[in-house]
Every structure is written in structure tokens, then in C-alpha cells.
Amino acid sequence: MRKKVILITIFVVAVILFFIFKNNNKTVKTEVVKKGKIQEVLILSGEINATNYAKLSYETSGKINYVGVKDGDIVKKGKLISQIDATVLNSSYQSAMSTLRMYEATAQNILDQVKNHSKDESFAQKDLRTTAESNKDKAYEAVVAAKRNLDGANLYAPFNGIITYLAHPFVGVYTSIGSVESEIIDPATIYFDVLADQTEVTKLSVGQKVEIVLDSFEEKTFEGKVQNISFVPKLGESGSVYSVKVSFVNTDLLNSKFKIAMTGDANFTVSEKDDVLYVPNSFVKQDKMGSFIKTNKKGQKIFIKTGIESEDNTEIIGEVKEGMVIYD
């Protein structure tokens with residue numbers, strides 16, 4: 001029993017000595033209080049988009065009989081991109097035109113018969129005239145609809161841009177209504193689209209400078225500025241999330257190699273100060289009394305107030321001086 005007590009005592013003393021030795025040899029990180037500029041930066045993720053970017057589809061189904069462009073072509077607004085066989089649609093349009101001419105002639109005939117009876121028009125004459133006019137109006141609306149269907153057999157460029165996609169770059173194939181047949185983009189309207197929640201969007205303003213970092217161009221940053229901030233939340237997002245449109249500044253968009261949906265980050269400087277004292281974020285500690293920094297290995301504290309905070313540093317206010325050594 002006596003030997004057991006001695007062994008336990010030796011073990012306890014050894015453990016205590018181990019932790020004492022370990023703590024005495026533990027490296028304590030130090031830093032010095034620095035003075036200079038500090039910036040509070042808000043980082044929001046986003047992706048490249050374009051104001052003039054469209055996916056074009058036919059308004060009816062049919063067989064393609066004309067293709068006037070190819071991938072990569074630069075086109076002007078109104079350029080005919082492709083066309084489906086409009087034989088049936090044109091026949092419907094011509095038939096509607098014929099019906100309109102017939103009802104117009106009938107209406108003119110009836111109006112000629114009752115033209116001298118404006119004051120004593122009988123109910124029979126009124127019924128005859130109204131029916132003729134109604135038939136003519138219906139025939140006219142049928143022509144409008146037939147012409148609209150006929151025009152829907154053509155795809156036109158809605159703006160100046162570059163053809164980036166053709167589902168069928170050849171004729172003789174069938175395409176169905178609603179399927180994307182072509183895509184067009186105007187590179188001059190490319191912008192960076194980010195989302196900000198309700199606590200972040202209040203820190204942003206139109207015209208604010210932005211630094212854009214794209215994942216595809218890690219070694220390069222791009223200048224930008226806030227062009228527009230949505231007044232209403234974006235549909236389909238959880239919570240109140242707002243779209244922020246950031247335009248590129250001093251960037252040749254036509255030769256930039258930017259592509260739709262390229263991702264990256266936008267860095268917004270929301271506040272900055274010159275000639276302030278600051279320390280690395282990790283050196284600012286907190287307890288129930290408030291924020292503090294340590295001034296020696298024993299953990300002596302100086303309580304401080306904090307100002308703006310950047311990604312790496314925090315502004316400190318209190319009884320501290322530039323060059324003061326602090327401990328982690």
C-alpha cells in the first residue's frame with residue numbers, strides 16, 4: 001500500500017512538472033500596435049451577366065428552311081437569324097386577307113344602302129349595318145393574328161451583338177415551339193451581378209467604387225462601380241436579398257474574354273480612416289468587461305474600444321501608443 005502511494009505521488013508530480021515545463025516553453029505570439037490607414041471592406045460573391053443577353057425561340061413549330069448566321073457572327077439589330085417553313089402560315093394569312101376584303105365590300109354596300117337614313121334608320125337597317133361592321137372588324141383582327149403568326153416564323157436579332165449559340169446551324173430539321181434556337185449577347189453591356197441581404201445593401205450606394213476579383217483571373221483585379229441597386233428583393237431567393245449591378249470601369253469588354261456566369265467576388269469599401277491605431281484581429285480579446293489587448297505574457301489587460309474592422313486588422317481606441325508590444 002505504501003509503495004502504491006509513493007508511485008501515485010511520483011506520477012502526479014511528473015504530470016505537474018510536464019505542464020509547467022510545457023507552458024514555460026510555449027511560444028507566445030507578439031505584435032506591435034501600428035498606425036496608418038484601415039478600410040472596412042464588404043465582400044459579396046456574384047457572377048458576370050449582361051444587360052443585352054437573349055435566348056431566342058420560335059413562336060411556332062416547324063421545319064427550318066433558312067439559317068443566315070453562324071456561331072461567333074457579329075450582327076446588327078434586325079438581322080434575320082433563321083426562319084422556319086411558313087407555307088401554311090402564309091396560306092392562313094392570305095385567306096384572312098381575302099375574308100377581310102369580302103367583309104369590307106359587304107360593309108361598304110350596306111353603308112351605301114343606309115347612308116340617307118341616319119335620322120330615320122329602322123331597327124332592321126341598324127341590325128344589317130351593325131352586323132356588316134362587326135364582321136369586318138372580326139376579319140381585320142383575324143388578319144392581325146395571322147400576320148403575327150407569320151412573323152413568328154422568323155428569328156431576328158433584337159439588338160447589336162454576337163451570336164453565341166445556334167441549336168440548328170443547318171436547314172431541313174424540325175424545331176418545336178419554345179425551344180431555344182439561338183443566343184445573342186452584346187459584350188458592351190456586360191456587368192458583374194451580386195446579391196446583398198438587407199443588412200448589407202444599406203452600406204452600398206450608386207456610384208460607389210468596387211474592386212472585382214474573378215475566379216478565372218486570380219492574378220488580376222478589375223475596377224468597377226455600383227450602377228444600380230434593386231428596390232425590391234430578387235424572386236426565388238430565401239429572405240430579403242437584393243440584386244446589385246456593378247459595371248466594369250476602364251476595361252475593354254469586347255476583348256476581355258469575359259463569359260456569362262463567370263464567378264468571383266466584389267470588394268466594396270464601406271468605410272476607411274487614416275492615421276488610426278490598429279492591431280491584427282486575433283489580438284483583440286473580449287470578456288464580460290469588454291474588449292481588451294494583452295500587454296505581457298502574464299495576460300495583463302488594457303481595455304479598449306474598437307472602431308472599423310478590415311479583413312485582417314481592427315482599429316483600437318484607448319490608452320495605447322504606436323509601437324506598443326502586445327501578446328496573443
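Bear in mind that the values here come from a model prediction, so they are computed numbers and not experimental data.
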Asp197 and Thr199: side-chain donor and acceptor closer than 3.5 Å?
yes
Would Lys285 pass as a cation-pi partner of Phe292, given that its NZ or CZ must be under 6.0 Å from the six-membered ring centre and within 45 degrees of the axis?
no
Shared ILVMFWY cluster between Leu80 and Leu150, side chains joined below 4.5 angstrom?
no
Shortest non-hydrogen pair, Tyr156 vs Leu56, comes out as O-CD1, 3.9 Å
With no hydrogens and no angle check, is any side-chain donor or acceptor of Asn281 less than 3.5 Å from a backbone partner on Asn313?
yes
Less than 3.5 Å apart, any donor N or O on the side chain of Asp252 or Asn255 sitting next to an acceptor on the other?
yes
Find the distance between CD1 (Ile48) and OG (Ser256) and round it off to the nearest 0.5 Å.
7.0 Å
Heavy atoms only: give me the nearest Ile110-Arg129 pair and the separation to one decimal.
CG2-CA, 3.5 Å
Please lay out, stage by stage, how Val246 and Ile212 fare under the test side chain to side chain contact (heavy atoms under 4.5 Å, CB included).
CA-CA 9 Å; Val246 179; Ile212 303 169; 3.9 Å; yes
Hey, quick one: are Phe159 and Ile190 part of the same hydrophobic cluster, counting side-chain heavy atoms closer than 4.5 Å, chains of contacts allowed?
no
Minimal heavy-atom distance between Lys297 and Tyr327, with the atoms involved, is CG-CE2, 3.8 Å
Would you compute the distance between atom CD of Gln286 and atom CZ of Phe303 and round it to the nearest 0.5 angstrom?
10.5 Å
For the residue pair Val226 and Val210, establish whether any side-chain heavy-atom pair is separated by less than 4.5 Å.
yes
If only side-chain N and O atoms count, and only distance matters, is there a donor-acceptor pair under 3.5 Å linking Ser243 with Asp193?
yes
Distance (rounded to the nearest 0.5 Å) between Ile43 CD1 and Asn267 CG:
4.5 Å
Smallest separation among heavy atoms of Leu44 and Ala196, with atom names
CD1-CB, 3.7 Å
Under-4.0 Å salt bridge between Lys37 and Asp275
no
Tell me whether the count of non-hydrogen atoms from other residues, nucleotides or ligands lying under 6.0 Å of NZ in Lys209 goes above 12.
no
Mind running side chain to side chain contact (heavy atoms under 4.5 Å, CB included) on Val75 and Ile81 for me, showing each step along the way?
CA-CA 9 Å; Val75 297; Ile81 296 174; 5.7 Å; no
Full working for ring pair (Phe, Tyr, Trp, His ring centres under 6.0 Å) between Phe222 and Phe217:
CA-CA 10 Å; Phe222 301 91; Phe217 302 85; 5.8 Å; yes
Between the side chain of Gln208 and the main-chain N/O of Thr269, is any donor-acceptor distance below 3.5 Å?
yes
Heavy atoms only: give me the nearest Ile293-Ile304 pair and the separation to one decimal.
CG2-CD1, 3.9 Å
Does any non-hydrogen side-chain atom of Val143 lie less than 4.5 Å from one of Tyr93?
yes
N/O donor-acceptor pair under 3.5 Å between Ser182 side chain and Tyr165 backbone:
yes
Test item: Ile185 and Ile260 side chains (from C-beta on) under 4.5 Å apart, heavy atoms:
yes
When rounded to the nearest 0.5 Å, the distance separating NZ of Lys203 from CD of Glu40 is 5.5 Å
List the steps, then state whether side chain to side chain donor-acceptor pair (under 3.5 Å) holds for Ser82 with Tyr58.
CA-CA 10 Å; Ser82 62; Tyr58 285 112; 2.5 Å; yes
Under 3.5 Å, is there a donor-acceptor pair between the side chain of Ser230 and the main chain of Val232?
yes
Under a 3.5 Å distance rule, please check whether Ser122 uses its side chain to pair with a backbone N or O of Gln125 as donor and acceptor.
yes
Thr87 and Asp85: CA distance, side-chain angles, deciding distance, side chain to side chain donor-acceptor pair (under 3.5 Å) verdict
CA-CA 6 Å; Thr87 302; Asp85 186 358; 2.7 Å; yes
Would a distance-only check, ignoring hydrogens and angles, find a side-chain to backbone donor-acceptor pair under 3.5 Å from Asn160 to Lys76?
no
Without swapping roles, check the side chain of Asp151 against the backbone of Asn154 for a donor-acceptor pair under 3.5 Å.
no
Would you say the side chain of Leu204 lies within less than 4.5 Å of the side chain of Glu200, judging by non-hydrogen atoms?
no
Is there a side chain to side chain contact (heavy atoms under 4.5 Å, CB included) between Val279 and Val284? Walk through the geometry before answering.
CA-CA 8 Å; Val279 297; Val284 178; 3.6 Å; yes
Side chains of Lys63 and Thr175 only: does a donor on one sit below 3.5 Å from an acceptor on the other?
no
Counting only N and O atoms by type, is there a donor-acceptor contact under 3.5 Å from the side chain of Gln108 to the main-chain atoms of Ala105?
no
Rounded to the nearest 0.5 Å, how far does CD1 of Ile162 lie from CG of Asp73?
10.0 Å
Would you call Glu315 and Lys305 a salt bridge, using N to O less than 4.0 angstrom?
no
Give the C-alpha distance, both sets of side-chain angles, the deciding distance and a yes or no for salt bridge (Lys or Arg N to Asp or Glu O under 4.0 Å) between Lys55 and Glu181.
CA-CA 8 Å; Lys55 298 181 178 182; Glu181 185 62 31; over 6 Å; no
For Phe123, I'd like to know if atom CZ has over 12 heavy atoms of other residues, nucleotides or ligands within 6.0 Å.
no
Validation row: Glu311, Gln39 side chains within 4.5 angstrom (heavy atoms):
no
Would you indicate whether Leu111, at its atom CG, is surrounded by more than 12 heavy atoms from other residues, nucleotides or ligands within a distance under 6.0 Å?
yes
How far does CG of Asp71 sit from CD of Glu183, to the nearest 0.5 angstrom?
10.0 Å
Without swapping roles, check the side chain of Lys298 against the backbone of Thr295 for a donor-acceptor pair under 3.5 Å.
no
Between Lys34 and Glu322, does a salt bridge (Lys or Arg N to Asp or Glu O under 4.0 Å) hold up when you go through it step by step?
CA-CA 5 Å; Lys34 297 177 182 177; Glu322 182 182 3; over 6 Å; no
Aromatic contact, Phe248 with Phe258 (centres under 6.0 Å):
yes
May I ask whether Leu166 and Phe170 are part of the same hydrophobic cluster, defined by side-chain heavy atoms of I, L, V, M, F, W, Y residues being less than 4.5 angstrom apart, directly or through others?
yes
Starting from Val171, can I reach Ile163 by hopping between I/L/V/M/F/W/Y residues whose side chains sit under 4.5 Å apart?
yes
Within a strict 4.5 Å, meaning less than it, do heavy atoms of the Val241 and Pro233 side chains meet?
no
Any donor-acceptor pair under 3.5 Å from Ser134 side chain to Thr130 backbone:
no
Transitively linked via ILVMFWY side-chain contacts under 4.5 Å: Val201 with Phe192?
yes
Are the side chains of Tyr278 and Thr314 in contact, using a 4.5 Å heavy-atom criterion?
no
Where is the tightest heavy-atom contact between Val194 and Ala266, given as atom of each residue plus distance?
CG1-CB, 3.9 Å
Hey, does Asn65 have a side-chain heavy atom less than 4.5 Å from the side chain of Ile84?
no
Start with the C-alpha gap between Ile302 and Met324, add the side-chain angles, then the distance that decides, and say whether side chain to side chain contact (heavy atoms under 4.5 Å, CB included) holds.
CA-CA 12 Å; Ile302 293 181; Met324 176 184 291; 4.3 Å; yes
